[in-house]
Peer 1: 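Input: one structure, supplied below.
Each chain gets a letter, A, B and so on, in the order its sequence line appears, and its residues count up from 1.
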Amino acid sequence: MASNIGYTAADRDFLAAAAQACADCAGAIDDDSLEAWPDYFTDDCVYRVETREGRANGWAIGLMHCEGRAMLRDRVLAIRHGNVFDPHTYRHVLSLPRFAPAPAGGQRGTELASARRVLTSFNVTRVMKTGEMTLFAVGTYDDRFVEADGRLLIHERTVVLDSRNLDTLLVIPL
Amino acid sequence: MNTPSPVETDGLFRWPDEGLARVPFRVYNDPQIAEAEQKLLFQGETWNLVCLDLEVAEPGQYRTNWIGDTPVIVVRDPVADRIRVFVNRCVHRGSMLCLEQHGKAENFTCMYHNWVYSLDGKLQSIAFKRGVRGQGGMPADFDITQHGLRELRVDTIRNLVFATFSSTLPPVRDWFGPRMVWSLERFFHKPIRLIGGYTQVLPNNWKLYAENVRDSYHASLLHTFFATFGLNRLSMDGAVEVNEAGGSHLSWSKMATDDAEGTDYASGGLRSMRDLAIEDRRLLKTWPEFEDGITHMIQTLFPNVFLQQIQNTLAVRLLVPRGLDRCDLQWWVFAYEDDTPEQLRMRLMQSNLVGPAGLVSLEDGFIGNAVQRTTRGDQGHGAIVEMGGHGVTTERQSRVSEAAVRGFWQQWRGLMGF
Ligand code: FES
Ligand SMILES: [Fe+2]
């Protein structure tokens, strides 16, 4: 079985920084500071939302696919000015991050921690302005980070939803 | 259909005298109407989409789904090499037979007491049929040949697999009519493959979504993404076509398309009202996929199937009612087998415009609920559906019409006896 046993001190430092980046990014969304959300990504990032089923099937199309920070900014602009929807906010609850396990029989990576995939589980509750609260999304962030100017930025984020069901619509990013 | 429905004989519901131009809000929230729909539509005289044929391409491959409230199994019978559809319910005490959405089977074995069915639906064996050491067991006169799975009639058009409980309904091609079949053959004119899929849970009565897709009037009004960012394109030709029964329709248009550069349509009188612009226009890049020049084709098949070609995004959707104020919209996103990598990439970028997170049309996910919320205290009121007149005619020039919505109600009323 694939597993992660024994983190080095450097691994732990890296994961702590990754956890901080994930928390800050989720916080920007939950605080409705959506304009700040793209700043947690690299200029040439990929941000994608797909389902676990879609990933298992190797499907090209998920629910969202943005390439580059400009596309993230466009999403935010559309939320503010272009799209019409029932007003709501999110509340993310994140797990500690972990490295994606090396495949069975594989070697533990000798590559830089920053090149490795970091997995973080999330729960997102959607809170409508009317007060109604719903468990909206459960899944995993599958991330790769890049260090730039002393900051850890998300270079690739695949939001993998555990369920194939999506309630109503997805307009605010996860 | 002249048989009065149970709802009507109770004196509880009558369609208003104005006819198709009024839709009583009650139809979206009356439990008796919903119950009658199960019997008269989904288990009655309709063809229901159950899956795409590629999901049951191999012998023994199955897919489960729902026809209204009824769970069904679609399976390729390896002996007859044809698709069969059964009610997904063990005849013994009613346990669901297949729990998985997809799978491959040699037989169907019920997990509860191990009754076994062959893939043609026949009951093959019963555990402890003769009892244990001569004690117990089924009575000697219990005839297993009399107790197979309930089988439905099956018919296909290209990749779409339909089933019906009716033994008298004409074949699907005749039922939907030639113009609907023409469009389906256009959608599936060459081999396809699945490239995506999800289920969008809609918090509204299924008919509100069925109306929404038939309503080409709302397109530029509810969906403001293109207008906000000055991306509206000229529509050069188009029509809303309704089939003879009324409930199925095509809405198509030929829009000015962008070439590969794809950036300069924000000219003339089509500028953004607020001078807002999106930064990255890669998601607008398209190619003319069909020789007929049609860039947008929305098709509905009565009662609950939707097909789309929105530029190069292609999808089939099936809407399954889940009680009065919920329905599940299953999406199959597809491409053609011979897509080039560039074409697949354009489909991927354009996928940001459609679907539950689609910049251009995500509003459709919640607008049904905006209506649903007001219908509980309806005070006998109903919707006004008069855009484009009172009839169910095909509109050649303007797509600002609710003709296809009226068509839906025409067929619905016919089958429901209202
Ligand atoms: S319910 Fe299926 S075997 Fe008893
Ligand atoms: Fe719409």
Side-chain angles (χ1 to χ4, degrees), chain A residues 38 43-88 126 128 130 132 134-137 159 161-174, chain B residues 101-102 193-204 221-229 231 272 274 276-283 313 315 326 328-331 333-335 339 344-345 347-352 355-370 373:
Chain A
D43 255 335
D44 55 347
C45 66
V46 176
Y47 171 85
R48 179 179 164 86
V49 183
E50 65 183 10
T51 65
R52 196 168 170 157
E53 178 192 17
R55 173 171 269 206
N57 287 330
W59 284 338
I61 307 276
L63 288 145
M64 249 191 222
H65 184 94
C66 301
E67 292 184 9
R69 194 146 54 173
M71 250 182 227
L72 302 187
R73 285 193 292 264
D74 287 341
R75 273 274 166 192
V76 174
L77 205 63
I79 293 166
R80 298 297 192 211
H81 304 286
N83 289 127
V84 183
F85 53 94
D86 213 0
H88 59 274
R126 185 187 58 197
M128 309 306 291
T130 55
E132 194 191 335
T134 318
L135 178 60
F136 180 62
V159 183
L161 300 173
D162 286 335
S163 171
R164 91 182 310 263
N165 286 12
L166 185 103
D167 187 75
T168 310
L169 54 79
L170 175 66
V171 60
I172 300 172
L174 289 163
Chain B
Q101 194 191 43
H102 289 98
R193 64 191 180 93
L194 288 181
I195 55 165
Y198 35 78
T199 297
Q200 188 177 4
V201 179
L202 300 173
N204 54 260
L221 301 168
L222 173 65
H223 305 306
T224 54
F225 177 81
F226 276 146
T228 304
F229 297 108
L231 303 173
S272 154
R274 280 179 276 180
L276 291 165
I278 62 165
E279 289 180 61
D280 192 329
R281 293 179 175 233
R282 277 179 295 168
L283 40 80
T313 65
R326 176 181 159 180
D328 289 354
L329 186 64
Q330 298 174 16
W331 291 74
V333 181
F334 69 91
D339 268 12
L344 193 61
R345 211 178 134 64
R347 294 195 207 279
L348 171 64
M349 294 313 255
Q350 289 176 45
S351 74
N352 287 297
L359 291 165
V360 175
S361 55
L362 61 86
E363 288 84 6
D364 290 328
F366 90 101
I367 199 63
N369 181 256
R373 273 183 258 176

Peer 1: Could you check which of L194(B), D280(B), I367(B) has the highest count of heavy-atom pairs closer than 4.5 Å to chain A?
Peer 2: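 It is D280(B).
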Peer 1: What distance separates R326(B) CZ from D167(A) CG, expressed to the nearest 0.5 Å?
Peer 2: 8.0 Å
Peer 1: Salt-bridged, R373(B) to D86(A), with N to O below 4.0 Å?
Peer 2: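 Looking at D86(A) together with R373(B), the answer is yes, because their closest N to O distance falls below 4.0 Å.
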Peer 1: So which of T228(B), T224(B), L359(B) actually passes side chain to side chain contact (heavy atoms under 4.5 Å, CB included) with N83(A)?
Peer 2: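 With N83(A) as partner, side chain to side chain contact (heavy atoms under 4.5 Å, CB included) holds for just one option, L359(B).
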Peer 1: Inspect the contact between R345(B) and E67(A) and indicate whether a charged nitrogen and a carboxylate oxygen are less than 4.0 angstrom apart.
Peer 2: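 Counted as a salt bridge, because a side-chain N and a carboxylate O are separated by less than 4.0 Å.
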Peer 1: Distance from W59(A) atom CH2 to Y198(B) atom OH, nearest 0.5 Å?
Peer 2: 10.5 Å
Peer 1: Once you round to the nearest 0.5 Å, how far does CZ of F225(B) lie from NE2 of H81(A)?
Peer 2: 12.5 Å
Peer 1: Name the option with the most non-hydrogen atom pairs under 4.5 Å to chain B; the candidates are N57(A), I61(A), V171(A).
Peer 2: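 Greatest number of close heavy-atom pairs with chain B: I61(A).
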Peer 1: Could you check whether any side-chain heavy atom of N352(B) comes within less than 4.5 Å of a side-chain heavy atom of R75(A), counting everything from C-beta outward?
Peer 2: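 Side-chain contact under 4.5 Å: yes.
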Peer 1: Please look at N165(A) and chain B and tell me whether the side chain, the backbone, both or neither of the residue comes under 4.5 angstrom of a heavy atom of that chain.
Peer 2: both
Peer 1: Taking atom CH2 of W331(B) and atom CG of L63(A), what is their separation to the nearest 0.5 Å?
Peer 2: 10.0 Å
Peer 1: Hey, are the side chains of V84(A) and F366(B) touching, using non-hydrogen atoms and a 4.5 Å cut-off?
Peer 2: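 A side-chain contact exists here, since the closest heavy-atom pair is under 4.5 Å.
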Peer 1: Under a 4.5 Å cut-off applied to non-hydrogen side-chain atoms, are F229(B) and D74(A) in contact?
Peer 2: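 SC-SC contact between F229(B) and D74(A) ruled out.
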Peer 1: Can you tell me how far the CD atom of E363(B) sits from the CG atom of L169(A), to the nearest 0.5 Å?
Peer 2: 8.0 Å
Peer 1: For the atom pair CG (L329(B)) and CG (L166(A)), what is the distance rounded to the nearest 0.5 Å?
Peer 2: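 These two atoms lie 11.0 Å from each other.
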Peer 1: Compare every heavy atom of A277(B) with every heavy atom of L77(A), then report the nearest pair and how far apart it is.
Peer 2: CD2-O, 3.4 Å
Peer 1: Against chain B, label R48(A) side chain, backbone, both or neither, depending on which of its atoms sit under 4.5 Å from a heavy atom there.
Peer 2: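 The side chain, not the backbone.
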Peer 1: Out of H223(B), R347(B), R282(B), return the one with the most heavy atom pairs under 4.5 angstrom to chain A.
Peer 2: R282(B)
Peer 1: Specify the closest pair of heavy atoms between A60(A) and L348(B), including all atoms of both residues, with the distance to one decimal.
Peer 2: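 Distance-wise, the nearest heavy atoms are O-CD1, 3.3 Å.
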Peer 1: Under a 4.5 Å cut-off applied to non-hydrogen side-chain atoms, are M71(A) and E279(B) in contact?
Peer 2: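 No; the side chains remain at least 4.5 Å from each other.
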Peer 1: Would you say that L362(B) contacts L170(A) through its side chain, given a criterion of any heavy-atom pair below 4.5 Å between the two side chains?
Peer 2: no
